[in-house]
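To start, the structure under review is shown below, and the notes come after it.
Each chain gets a letter, A, B and so on, in the order its sequence line appears, and its residues count up from 1.
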Amino acid sequence: MEQKFNTSLVANFGPAKMLPDLKFAEMEPGWDCGGGTYKVTKEEVDKFSKLMGDANKGDVTIPIGMIYIFGLRICWDRKVFLDGAIRAGDKISFFKPAKIGDTITTKLSIADKKEVKKEKDGKVRINKFLYVDMNATNQSGEKIVDIQMSFLLPATMQ
Amino acid sequence: MEDAMSKIDFASVQVGDTLSSKSLAVSQQLINEYADICGDYNSIHVDVEGMKSNTMFGGSTIAHGTINVEPVLQALCDIEGRLWPAEGSKIDLQFRAPVKPGFTIVSNLVVKEKKTEGGKNILVCDMKIQNKDGGDCAMGSTVIVCP
């Protein structure tokens with residue numbers, strides 16, 4: 001499909017070394033995955049409200065579902081979504097509302113990792129989970145939302 | 001400052017009550033337009049032809065996981081009577097099954113605990129996001145801060 005995402009809304013920052021460069025043993029809590037900024041425009045808010053049927057048209061506060069819009073492209077650009085990894089869940093904490101005209105800064109870092117032993121049909125498997133914090137603040141440094149994403153990593157992950 | 005127009009009356013809510021829900025009809029067009037807004041063009045979401053030969057999701061694309069959460073996000077605002085959930089509001093969810101085009105997903109919140117802490121009226125709820133035609137797509141819990 002033709003890609004219509006407005007790339008000028010997003011800018012990224014962070015270390016040259018990214019998650020795919022790490023082995024599981026090297027994925028330590030606090031590791032900086034980088035981040036980026038997202039400019040909230042009326043055009044994108046209007047598109048989102050219409051798409052999701054959100055009664056909030058963004059005149060005061062942007063539609064709530066846009067909490068993910070701040071960070072998804074940044075996650076891709078910073079290669080946080082590893083090949084073969086499955087999204088397992090999210091923990092979301094809400095703070096100040098975001099508004100049209102805000103520049104949201106999203107920072108990504110490793111929160112935790114876990115190995116879970118699973119037995120099925122007499123076979124033992126170790127599931128590897130990775131937890132990544134996605135913390136969003138506005139241009140005044142006020143917290144907007146914290147999202148901790150969890151991923152089930154592919155069995156081939158070393 | 002936002003208006004606080006809660007649809008629920010904290011005093012009258014009981015443990016076991018089902019709170020108001022929101023739904024979303026998911027189509028390939030919605031997924032494509034969502035990709036245009038968020039910039040996530042992973043082929044599992046947008047490559048309809050390519051996914052036909054992929055057995056992982058039965059030959060279908062799947063919605064972005066973040067689309068799955070949309071009904072709960074809207075329901076949370078609706079229940080709290082705010083455009084943005086109050087500080088202290090939380091969602092904790094685990095994805096259970098992918099959402100595919102053609103699904104209509106619905107939020108389901110059932111009050112598990114009712115308490116007042118630090119001057120805040122709080123409801124802790126069991127939460128599910130379900131396909132209207134059957135099956136849980138995500139489940140977990142929410143903390144709702146009532147006005």
Side-chain angles (χ1 to χ4, degrees), chain A residues 1-7 9-10 38 43-48 50-77 81 83 86-99 143-152, chain B residues 1-3 22-25 28-49 56 62 64-78 80 82-96 98 138-143 145:
Chain A
M1 64 176 277
E2 183 192 354
Q3 298 190 4
K4 297 176 187 169
F5 176 68
N6 182 356
T7 53
L9 300 173
V10 172
Y38 179 89
E43 186 182 355
E44 299 305 304
V45 166
D46 286 348
K47 276 196 272 185
F48 191 88
K50 189 177 170 195
L51 183 65
M52 291 301 176
D54 194 322
N56 174 15
K57 304 302 178 197
D59 296 332
V60 179
T61 295
I62 67 166
I64 188 61
M66 289 193 81
I67 57 169
Y68 285 115
I69 304 301
F70 307 147
L72 277 180
R73 181 56 180 247
I74 293 165
C75 284
W76 275 107
D77 290 343
F81 298 143
D83 282 347
I86 296 170
R87 292 267 274 116
D90 281 343
K91 286 183 181 179
I92 308 169
S93 298
F94 300 92
F95 299 94
K96 298 276 183 189
K99 297 171 171 43
K143 275 188 170 195
I144 298 294
V145 66
D146 285 346
I147 302 176
Q148 185 176 100
M149 304 176 286
S150 55
F151 301 90
L152 172 62
Chain B
M1 194 70 180
E2 297 159 20
D3 292 333
K22 290 282 183 179
S23 67
L24 179 69
Q28 188 60 49
Q29 186 175 342
L30 180 135
I31 294 169
N32 291 349
E33 290 182 27
Y34 189 85
D36 284 335
I37 296 172
C38 73
D40 176 353
Y41 292 100
N42 190 333
S43 59
I44 63 172
H45 306 310
V46 299
D47 185 0
V48 175
E49 286 306 311
M56 191 171 181
I62 61 169
H64 302 74
T66 50
I67 290 177
N68 306 7
V69 190
E70 181 70 23
V72 169
L73 291 170
Q74 286 196 28
L76 190 56
C77 288
D78 200 44
E80 291 194 6
R82 301 179 172 103
L83 298 174
W84 192 273
E87 197 162 332
S89 303
K90 292 177 183 178
I91 296 173
D92 183 352
L93 65 90
Q94 298 85 46
F95 296 110
R96 294 294 184 198
M139 54 203 307
S141 63
T142 60
V143 175
V145 179

Q) What residues, two or more places apart in sequence or in another chain, satisfy side-chain contact (heavy atoms from CB on, under 4.5 Å) together with A/Glu2? A) A/Lys4
Q: May I ask you to test the B/Phe95-A/Asp90 pair for a side-chain heavy-atom distance under 4.5 Å?
A: yes
Q. Are the side chains of B/Leu30 and A/Leu51 in touch, meaning some heavy atoms are under 4.5 Å apart?
A. yes
Q) B/Leu83 and A/Thr61: which non-hydrogen atoms are nearest, and at how many Å? A) CB-CB, 4.0 Å
**Q.** Residue, of B/Val72, B/Val46, B/Asn32, B/Thr142, that accumulates the most heavy atom pairs under 4.5 Å with chain A
**A.** B/Asn32
Q) What pair of heavy atoms forms the shortest contact from A/Gly65 to B/Leu73, and how long is it? A) CA-CD1, 3.8 Å
Q) Which bit of B/Val69 comes within less than 4.5 Å of chain A, counting heavy atoms only: side chain, backbone, both or neither? A) side chain
Q) Can you tell me if B/Trp84 uses its side chain to pair, donor with acceptor, with the backbone of A/Ile62 under 3.5 Å? A) no
Q | Plane angle bin for B/Tyr34 and A/Phe48 - parallel if under 30°, tilted between 30 and 60°, otherwise perpendicular | A | tilted
Q: Can you see which heavy atom on B/Met56 is nearest to which on A/Ile86, and at what distance?
A: CE-CD1, 4.3 Å
Q: Locate the shortest heavy-atom distance separating B/Gln74 from A/Met52; write the atom from each residue and the value.
A: NE2-O, 3.2 Å
Q: Please flag which part of B/Ala86 lies under 4.5 Å from any non-hydrogen atom of chain A: side chain, backbone, both or neither.
A: backbone
Q.
Does any backbone or side-chain atom of A/Leu152 lie under 4.5 Å from a heavy atom of chain B? Answer side chain, backbone, both or neither.
A. neither
Q | Residues forming a ring-ring contact (aromatic ring centres under 6.0 Å, His included) with A/Phe81, sequence neighbours excluded | A | A/Trp76, A/Phe151
Q: Please flag which part of B/Glu70 lies under 4.5 Å from any non-hydrogen atom of chain A: side chain, backbone, both or neither.
A: side chain
Q: Please flag which part of B/Ile37 lies under 4.5 Å from any non-hydrogen atom of chain A: side chain, backbone, both or neither.
A: both
(Q) If we define contacts as heavy-atom pairs under 4.5 Å, which of B/Asn68, B/Ile44, B/Ile67, B/Leu93 has the most with chain A? (A) B/Leu93
Q. Which bit of A/Ile67 comes within less than 4.5 Å of chain B, counting heavy atoms only: side chain, backbone, both or neither?
A. side chain
